[in-house]
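Okay, so here's the structure we're looking at.
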Amino acid sequence: AQSVTQPDIHITVSEGASLELRCNYSYGATPYLFWYVQSPGQGLQLLLKYFSGDTLVQGIKGFEAEFKRSQSSFNLRKPSVHWSDAAEYFCAVGPMEYGNKLVFGAGTILRVKS
Amino acid sequence: GAVVSQHPSWVICKSGTSVKIECRSLDFQATTMFWYRQFPKQSLMLMATSNEGSKATYEQGVEKDKFLINHASLTLSTLTVTSAHPEDSSFYICSAFRQSMAYNEQFFGPGTRLTVL
């Protein structure tokens with residue numbers, strides 16, 4: 001069965017510090033992998049995605065993620081966090097066909113302290 | 001490009017009434033749209049897949065007579081919560097699937113906050 005695990009429910013980092021959000025997935029075939037960000041009361045914004053090729057993916061707002069097939073992981077990183085990055089982050093996995101259904105992780109709430 | 005809108009953004013209704021939520025892809029056509037439900041501090045739960053011109057496909061445990069989905073055009077899907085009750089209060093998010101040569105991607109709407117009194 002397809003599943004996504006985000007082991008950290010909450011993470012607090014200081015502004016300017018580095019960030020890594022963990023994501024592990026279980027999927028039977030080659031997946032599409034996504035990271036989304038959601039601000040309170042808002043919809044989801046795509047940060048980055050991995051389909052194939054280079055396993056280090058660059059996204060918007062200075063985020064990057066690395067796909068590690070051997071570890072079934074797709075961790076999100078940012079070298080220096082800004083206060084505006086405080087939000088909830090969701091990792092998602094889905095098949096490569098059109099009309100795919102995404103499976104979302106439970107989310108990680110990021111708090112940034114000044 | 002690739003903007004998805006939802007209307008209304010929030011709605012408060014009395015128990016027993018029906019509420020319709022619209023999801024529109026503003027600058028692309030989407031034969032497939034999805035409806036999600038999100039409870040406070042929880043992840044998105046897929047409710048149904050909405051296909052233009054055909055019946056929606058509901059996920060297990062979702063009452064199709066309770067949550068009516070209509071995908072009448074390539075840019076519009078509607079979710080009607082019939083005879084709403086307080087337990088239906090939630091944040092409803094739609095997404096629209098855009099197909100391109102390079103990749104296929106879902107674009108999410110801003111969500112609709114439903115409160116049933």
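Only heavy atoms go into these numbers, but all of them, side chains included; no hydrogens, no water, no symmetry mates. Within every chain, numbering begins at 1; the chains are lettered A, B, ... in the order of the sequence lines, protein sequences first and strands thereafter.
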Item checked: CG (L26(B)) with more than 12 external heavy atoms under 6.0 Å ->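 For L26(B), atom CG is crowded (more than 12 foreign heavy atoms under 6.0 Å).
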
Margin query: Please determine whether the number of non-hydrogen atoms from other residues, nucleotides or ligands lying under 6.0 Å from atom NE2 of H82(A) exceeds 12.
Written below: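 Yes, NE2 of H82(A) has more than 12 neighbouring heavy atoms, counting only those of other groups under 6.0 Å.
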
Next item on the list: Residue by residue, scan residues 83-95 of chain B and write down, ordered by number, those that have a heavy-atom distance under 4.5 Å to chain A; if none do, write 'none'.
Entry: F91(B), I93(B)

Next item on the list: Determine which residues belonging to residues 57-73 of chain B lie within contact range of chain A, meaning some heavy atom pair is under 4.5 Å apart, and list them by number or answer 'none'.
Entry: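 Listed by number: E59(B).
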
When hydrophobic residues are tied together by side-chain contacts of less than 4.5 Å, even through go-betweens, does [X] share a cluster with [Y]?
{"X": "V81(A)", "Y": "I109(A)", "result": "no"}
{"X": "L76(B)", "Y": "L79(B)", "result": "no"}
{"X": "L46(B)", "Y": "F90(A)", "result": "yes"}
{"X": "M33(B)", "Y": "V103(A)", "result": "no"}
{"X": "I60(A)", "Y": "L110(A)", "result": "yes"}

Next item on the list: For S43(B) and G107(A), indicate whether the former's side chain and the latter's backbone hold a donor-acceptor pair under 3.5 Å.
Entry: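 No, S43(B) side chain to G107(A) backbone: no donor-acceptor pair under 3.5 Å.
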
Checklist line | Distance (rounded to the nearest 0.5 Å) between M45(B) CE and F104(A) CZ | finding: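 CZ of F104(A) is found 12.5 Å from CE of M45(B).
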
Item checked: Separation of E88(A) CD from Q38(B) CD (nearest 0.5 Å) -> 6.5 Å

Next item on the list: Identify the two heavy atoms, one from L44(A) and one from F108(B), that lie closest to each other, and give their separation to 0.1 Å.
Entry: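 Where L44(A) meets F108(B) most closely, the heavy atoms are O-CB, 3.7 Å.
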
Next item on the list: Could you pull out the closest heavy-atom pair between K101(A) and F34(B), with the gap in Å?
Entry: CG-CE2, 3.7 Å

Next item on the list: Using heavy atoms and a sub-4.5 Å threshold, report which of residues 12-24 of chain A line up against chain B, by residue number.
Entry: none

Notebook entry, point to check: To which residues is W10(B) joined in a hydrophobic cluster, defined by side-chain heavy-atom contacts under 4.5 Å among Ile, Leu, Val, Met, Phe, Trp and Tyr, whether direct or through other members?
Noted result: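 Noted: W10(B) shares its cluster with I12(B), L117(B).
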
Notebook entry, point to check: Given that the side chain runs from C-beta out, which part of Q38(A) has a heavy atom under 4.5 Å from chain B: side chain, backbone, both or neither?
Noted result: side chain

Next item on the list: Taking the side chain as every heavy atom from C-beta outward, state whether Y36(B) and L102(A) have any atom pair closer than 4.5 Å.
Entry: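 Yes. Closest side-chain heavy atoms under 4.5 Å.
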
